Amino acid sequence: MKDIFNAPFIKEMTETTALMYKLGWDERNGGNISYMLDEEKVTPYLDTEDVIREIPTGFAAKELAGKIFIVTGTGKYFKNVEKDPENNLGIIKISESGDTAQLLWGYSDGGRFTSELPAHLMSHTQRLKANPENRIIMHCHPDYTLAMTQVHEMDEKKLTRTLWGQMTESIVVFPDGIGVLPWMVCGTNDIGIATAEKMKKYRLVIWTLHGIYGAGKDMDETFGLIETVEKAAKQYMLTAGLPKENAITDDNLRALAKAFNLTIREDFLG
Ligand code: 13P
Ligand code: ZN
């Protein structure tokens with residue numbers, strides 16, 4: 001067996017969590033990531049039949065039976081993942097019934113996966129239907145996005161249009177717009193179901209007064225989605241209340257859609 005500490009997926013998780021911490025997106029234990037791993041990428045490092053312990057998922061993730069994920073641990077700090085990946089991360093395989101996660105590696109102090117596993121697994125299920133290449137679900141608490149949920153109307157059309165209007169690249173990066181949930185209790189199956197419902201249409205979902213979810217085929221794509229929303233939200237918060245001299249118009253957005261061959265939410269304009 002190869003040394004798992006050299007596995008590319010461990011490196012991706014440690015580098016990404018460290019970067020997110022440095023950006024201020026993940027205070028204390030804030031945020032979580034789940035990354036679906038193709039079995040052939042795991043078997044050089046782990047015997048995927050060798051189960052350390054079984055952990056109930058709290059719901060039936062039947063459609064993901066047999067799938068393997070590396071997931072941040074609940075209560076673990078993103079700032080600590082890089083120095084102790086085996087304690088702060090875990091590799092789990094979803095059982096046939098979907099109601100148990102078989103721990104293959106990690107959570108070495110007896111811990112378990114993020115409390116947001118329902119939102120992650122339910123979102124993976126929906127995003128895989130939309131795009132079989134989807135691998136990552138990422139959740140974090142970026143400052144400006146969060147601040148914006150205090151002062152902007154939390155309506156999908158209005159919020160997306162505002163963020164598209166903040167900078168030219170927004171619509172290019174998220175032409176499909178952003179789903180919005182009202183404030184809800186986190187860590188529950190209910191918020192998982194509501195998030196996954198939004199993930200049928202959106203790769204980005206904002207939880208009012210809590211944070212953001214992103215979905216993508218790899219770390220860069222997922223990180224880039226959240227990074228772009230956060231940058232646009234920063235523009236909004238930096239200029240909120242100031243008189244506007246210039247603005248991106250609906251016609252500008254239509255011109256971008258044409259130039260970049262984008263399928264945009266046309267109904268979010270006007
Ligand atoms: P966990 O520590 O369980 O991952 O929770 C952090 C969080 O951001 C809850 O939404
Ligand atoms: Zn959170």
Side-chain angles (χ1 to χ4, degrees), residues 10 12-14 16-36 53 55-59 61 69-92 94 101 103 105-124 136-150 154 178-199 202-215 219 222-223 225-227 229-230 233:
I10 299 276
E12 285 179 84
M13 289 294 282
T14 56
T16 306
T17 48
L19 179 58
M20 291 170 77
Y21 173 70
K22 282 176 197 144
L23 286 166
W25 297 0
D26 298 277
E27 77 295 341
R28 200 175 182 274
N29 65 309
N32 19 78
I33 303 177
S34 60
Y35 179 2
M36 195 174 97
R53 58 191 157 97
I55 314 171
T57 54
F59 66 102
F69 296 86
I70 184 162
V71 187
T72 52
T74 186
K76 303 299 185 193
Y77 295 20
F78 271 30
K79 80 180 175 66
N80 294 338
V81 177
E82 202 160 33
K83 61 182 176 220
D84 191 1
E86 193 167 5
N87 189 25
N88 293 291
L89 302 173
I91 297 179
I92 56 171
I94 306 302
L103 182 65
W105 177 87
Y107 308 142
S108 59
D109 65 356
R112 51 188 280 142
F113 42 73
T114 173
S115 60
E116 303 294 3
L117 196 76
H120 281 255
L121 293 190
M122 292 176 194
S123 294
H124 275 288
I136 310 276
I137 300 291
M138 184 182 283
H139 165 61
C140 57
H141 307 158
D143 284 317
Y144 292 95
T145 304
L146 205 42
M148 202 172 161
T149 73
Q150 295 197 49
M154 292 309 284
I178 300 175
V180 167
L181 288 188
W183 185 87
M184 291 178 77
V185 176
C186 55
T188 61
N189 286 351
D190 283 351
I191 204 167
I193 293 165
T195 306
E197 188 59 34
K198 295 293 178 191
M199 286 278 181
Y202 300 107
R203 293 172 299 155
L204 287 158
V205 179
I206 292 182
W207 286 2
T208 300
L209 302 170
H210 184 136
I212 187 165
Y213 268 76
M219 283 297 178
T222 316
F223 184 92
L225 281 170
I226 294 176
E227 186 180 31
V229 170
E230 174 64 353

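When a ligand or atom number is given, it counts from 1 through the structure's own listing order. Sequential numbering from 1 along the given sequence is applied to the chain's residues. In this text the structure is predicted, and so the values were computed from the model without any measurement.
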Close N or O approach (C186, ligand 1; < 3.5 Å): no
Any N or O of N32 closer than 3.5 Å to N or O of ligand 1: yes
Numbering as shown, the atoms of ligand 1 that approach T74 to under 4.0 Å (heavy-atom distance): 1 (P), 2 (O), 3 (O)
Numbering as shown, the atoms of ligand 1 that approach H210 to under 4.0 Å (heavy-atom distance): 10 (O)
Contacting atoms of ligand 1, where contact means under 4.0 angstrom from a heavy atom of S115: 1 (P), 3 (O), 5 (O)
Top protein contact for atom 9 (C) of ligand 1, by heavy-atom distance: E116 OE2, 3.1 Å
N29, portion touching ligand 1 at heavy-atom distance under 4.0 Å: both
L225 side chain reached by R203 side chain, heavy atoms, under 4.5 Å: yes
Element-labelled atoms of ligand 1 that are located less than 4.0 Å from some non-hydrogen atom of H139: 8 (O), 10 (O)
Y21 atom OH, neighbour heavy-atom count above 12 within 6.0 Å: no
Numbered atoms and elements of ligand 1 in range of H141, under 4.0 angstrom, heavy atoms: 8 (O)
Pairwise side-chain contact, Y107 with R53, heavy-atom cut-off 4.5 Å (strictly under): yes
W207 and T195 side chains, donor-acceptor separation under 3.5 Å: yes
Qualifying residue for ring-ring contact (aromatic ring centres under 6.0 Å, His included) with W25, from F223, Y144, F78: F223
Atom indices of ligand 1, in the order listed, that fall short of 4.0 Å to a heavy atom of T114: 1 (P), 3 (O), 4 (O)
Residue-ligand contact G31/ligand 1, heavy atom below 4.0 Å: yes
Short N/O/S contact of C186 with the Zn ion (ligand 2) (below 2.8 Å): no
Steps toward side-chain contact (heavy atoms from CB on, under 4.5 Å) verdict (H141, R28): CA-CA 11 Å; H141 307 158; R28 200 175 182 274; over 6 Å; no
Distance-only polar pair, side chains of S34 and H124, donor-acceptor under 3.5 Å: yes
Contact check: H210 to the Zn ion (ligand 2), N/O/S below 2.8 Å: yes
Ligand 1 N/O within reach of W207 N/O, cut-off under 3.5 Å: no
Backbone or side-chain N or O of G30 under 3.5 Å from ligand 1 N or O: no
